[in-house]
Structure formats: structure tokens, C-alpha cells
Amino acid sequence: MKIRNLLAGIIIVPAILLSACGAETEPAKEPAPSEITSAIMAEIEIPSAVEKDMDSVGAYYDVDTAQTEALSVYICGSGAYPDELAVFKMNSPEQAQSAADAVQKRLDSQIELYRDYTPNEMYKLDGAEVTVKGSYVMLFVCSDDQRAREIAENLF
């Protein structure tokens, strides 16, 4: 009888502990796009940064704003530098995939433009990439693209 109780305890206790650990998972964080861009700009300078809103972003990005829950976009106002931060929170992950194509199109266009216009700024574009994380689409073109991605990732 004691052996049976001991064996039952050996089996049941770990099962209870394992199920309790699984129940305490932290919900996924969903930072506001403006929180992401603000955190990056607190550490990395974006020259002549001008904020674009839902109405004006269409001049730069072919993203369907009707499918956008929120966005935060900063572009160099003078046009002298390729620096820009763009974070779109779409209504769904499927819409984010579609928006990512539009953001990639913008990045490709900027690479072509700055290759001849200001070749000494190309290092900012060389490390840039479009990132999709759930419903978010992000592009960071700045002096430290990798650090900008790390800052963003730490907010999730």
C-alpha cells in the first residue's frame, strides 16, 4: 500500500507542477507603434525627423490605411538622408503580410534613389529590412538598424 501511494505521488506531483507552470504564461505584449518609434528615437538620432500621420503616409507608403489599426512613421523632412522609422499595426497578421510588400517596395525605391543621390548614406539602407511580427510591419532605416530592431523586439 505504501509503495502504491509513493508511486502515485511520484507520478501526480510532477504532473501538477508541470500543468501549473504552463498556466502562468505571460500574455503577448502589443506596444503602440508610437511607443516603438519613441523608444528608438530616444537612443538613435533620426535627422530632421518629421512625423507622418494616417492621412499623409500614403504619399510614401502604399499601405492600405483602412486595414491599419495604428501607425507611427518618421521620415527625414529635408530628404537629404534616407533615415526613416515606420511601424504599422495592421488589423490582422494576414493584412500585415500584404502591407510588408508595400513597405518593401518603399525600401527598394529608397535604395535606388540614395545609391546615386547620397552614396555615403547607403550604409543605413544596406542593413535595413522589413520585419513582420504578428500584425506589425516595421522598417528602420537609420545609423544603427540592428540596434533599432533590438529596441523594438524588447518592447514585445
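- Here the CD1-SG distance, from I44 to C142, works out to 4.0 Å after rounding to the nearest 0.5 Å.
- At least one donor-acceptor pair closer than 3.5 Å links the side chain of Q95 to the backbone N or O of N91.
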Sequence neighbours left out, cut at 3.5 Å: what donor-acceptor pairs do the side chains of residues 125-132 make with other protein atoms?
none

Under 3.5 Å, which donor-acceptor pairs do the side chains of residues 27-38 form with other protein atoms, sequence neighbours left out?
| residue | atom | partner | partner atom | Å |
| --- | --- | --- | --- | --- |
| E30 | OE1 | K89 | NZ | 2.8 |
| T37 | OG1 | P33 | O | 3.4 |
| T37 | OG1 | S34 | O | 3.2 |
| T37 | OG1 | S72 | OG | 2.6 |
| S38 | OG | S34 | O | 2.8 |

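- Residues M54 and Y60 fall within the same hydrophobic cluster, defined by Ile, Leu, Val, Met, Phe, Trp and Tyr side chains chained together at heavy-atom separations under 4.5 Å.
- Here the straight-line distance linking atom CE of M41 with atom CD1 of I151 works out to 11.0 Å at 0.5 Å rounding.
- Side-chain atoms of T68 come within 3.5 Å of backbone N or O of D64 as a donor-acceptor pair.
- Of all non-hydrogen atoms in A96 and M90, the two that sit nearest each other are CA-CG, 3.7 Å.
- In the hydrophobic clustering of this structure, V63 groups with V137; members are Ile, Leu, Val, Met, Phe, Trp, Tyr whose side-chain heavy atoms approach within less than 4.5 Å, directly or through other members.
- Taken from OG in S135 to CD in E94, the straight-line distance is 8.0 Å, to the nearest 0.5 Å.
- The CE atom of M138 sits 10.0 Å away from atom CZ of R149, with the distance rounded to the nearest 0.5 Å.
- The backbone N or O of N120 sits nowhere less than 3.5 Å from a side-chain atom of T118 that would complete a donor-acceptor pair.
- Annotation: ring-ring contact (aromatic ring centres under 6.0 Å, His included) contacts involving residues 70-111, sequence neighbours excluded, comprise Y61-F88.
- Enclosure of atom CG in D62 is not indicated, since only 12 or fewer non-hydrogen atoms of other residues, nucleotides or ligands lie within 6.0 angstrom.
- No continuous path of hydrophobic side-chain contacts links V103 to V87 [ILVMFWY only; heavy atoms under 4.5 Å].
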Test side chain to side chain contact (heavy atoms under 4.5 Å, CB included) on L107 and V141; report intermediate values, then the result.
CA-CA 9 Å; L107 176 58; V141 178; 4.3 Å; yes
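- For residues 36-55, there are no ring-ring contact (aromatic ring centres under 6.0 Å, His included) pairs, not counting sequence neighbours.
- Residue A148 comes nearest to I40 through the heavy atom pair O-CD1, 3.7 Å, listed as atom of the first residue, atom of the second, then distance.
- With a 4.5 Å cut-off between side-chain heavy atoms of Ile, Leu, Val, Met, Phe, Trp and Tyr, the cluster of V50 takes in none.
- The CD atom of E51 lies 13.0 Å from the CD1 atom of I46; values are rounded to the nearest 0.5 Å.
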Take V73 and L85 through the test side chain to side chain contact (heavy atoms under 4.5 Å, CB included) and record every step on the way to the result.
CA-CA 6 Å; V73 176; L85 304 177; over 6 Å; no
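- K52 and L71 get closest at one heavy-atom pair: O-CD1, 3.9 Å.
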Take Q104 and D108 through the side-chain hydrogen bond (donor to acceptor under 3.5 Å, both in side chains) test and state the conclusion after the steps.
CA-CA 6 Å; Q104 184 63 52; D108 294 343; 2.8 Å; yes
Given the rule in the side chain to side chain contact (heavy atoms under 4.5 Å, CB included) test, do M122 and I111 qualify, once you have shown the distances and angles that lead to the verdict?
CA-CA 7 Å; M122 283 302 295; I111 289 170; 3.9 Å; yes
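- The ring-ring contact (aromatic ring centres under 6.0 Å, His included) analysis of residues 136-156, with sequence neighbours excluded, yields the pairs Y136-F156.
- Under the 4.0 Å criterion applied to side-chain N and carboxylate O atoms, D145 and K124 are not assigned as salt-bridge partners.
- Taken to the nearest 0.5 Å, the CG atom of D144 stands 7.5 Å off from the CD atom of Q146.
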